[in-house]
> 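Dropping the structure in here first, questions after.
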Amino acid sequence: MDIDPEVAPGLEPAPQDRVKDLKRQTDEVIDTLEQNMKRLVKREENLEGLEYISMELEEETKVFKQTAKKVKRTYWWKSRKLVVVIVVGVLVIILIIVLLATGVIPAGSSSSTPPPMPTAPKP
């Protein structure tokens, strides 16, 4: 407790001064409590806002994962289709080369007309 300089040392302060001092201290405690309560309310509002934002982000994450899976699957199938087309094309080319080499497909003249048939001599 602070000693009032106007009061002689060793003497108790007047009861009125003591009441004023207690009133002042009580007012300071009330002000501090009010400030703390305002801070708590503001903090709670901030936390609620952050919780809402985190829930939205969680939902967006789920949607993003689903979309990413769909895109991955789509491009995997496109890749497989391209590989199948290339393999079939290479097999067709190899088949044509083998058939030309074995003579099943005649390679040579580019005309589509058959050679003329020899005619028998007239008697």
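Only a predicted model underlies this, so the values are computations on that prediction, with no experimental measurement involved.
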> Treating Ile, Leu, Val, Met, Phe, Trp and Tyr as nodes and any side-chain heavy-atom pair under 4.5 angstrom as an edge, say whether V63 and M55 lie in one connected cluster.
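V63 does not cluster with M55.
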> Answer yes if L57 and F64 sit in the same cluster of Ile, Leu, Val, Met, Phe, Trp and Tyr residues linked by side chain heavy atoms under 4.5 Å apart, and no otherwise.
no
> If you link ILVMFWY side chains whenever their heavy atoms are less than 4.5 Å apart, which other residues fall into the same cluster as L40? By chain and number, please.
M37
> Considering residues at least two apart in sequence or located in another chain, which fulfil the salt bridge (charged side-chain N to carboxylate O under 4.0 Å, His left out) criterion with E28?
R24
> In terms of hydrophobic clustering (I, L, V, M, F, W, Y; side-chain heavy atoms under 4.5 Å; direct or indirect links), are V104 and L95 co-clustered?
yes
> Could you identify which residues cluster with I86, counting Ile, Leu, Val, Met, Phe, Trp and Tyr as linked when any side-chain heavy atoms lie under 4.5 Å apart, either directly or through a chain of such contacts?
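In the cluster with I86 are L82, V90, I94, V98.
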> Apply salt bridge (charged side-chain N to carboxylate O under 4.0 Å, His left out) to D31 and list each qualifying residue two or more places apart in sequence or on a separate chain.
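So D31 forms no salt bridge (charged side-chain N to carboxylate O under 4.0 Å, His left out) with any residue.
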> A quick test of your reading: do over 12 heavy atoms of other residues, nucleotides or ligands sit less than 6.0 Å from CH2 of W77?
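Counting neighbours around CH2 of W77, 12 or fewer heavy atoms of other residues, nucleotides or ligands fall under 6.0 Å, so no.
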> Under the 4.5 Å side-chain heavy-atom rule for ILVMFWY, direct or indirect, which residues accompany Y75?
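Reading the cluster by chain and number, Y75 sits alongside V71.
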> Just wondering, more than 12 heavy atoms not from R43 lying within 6.0 Å of its CZ?
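No - once you tally the heavy atoms of other residues, nucleotides and ligands closer than 6.0 Å, there are 12 at most.
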> Keeping to residues at least two apart or across chains, list the side-chain hydrogen bond (donor to acceptor under 3.5 Å, both in side chains) pairs with something in residues 54-74.
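Of all non-adjacent pairs touching residues 54-74, those that pass side-chain hydrogen bond (donor to acceptor under 3.5 Å, both in side chains) are Y52-E56.
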> Let me confirm one number: the CG-CD1 distance from L91 to I96, rounded to the nearest 0.5 Å.
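L91 atom CG to I96 atom CD1 measures 11.5 Å (nearest 0.5 Å).
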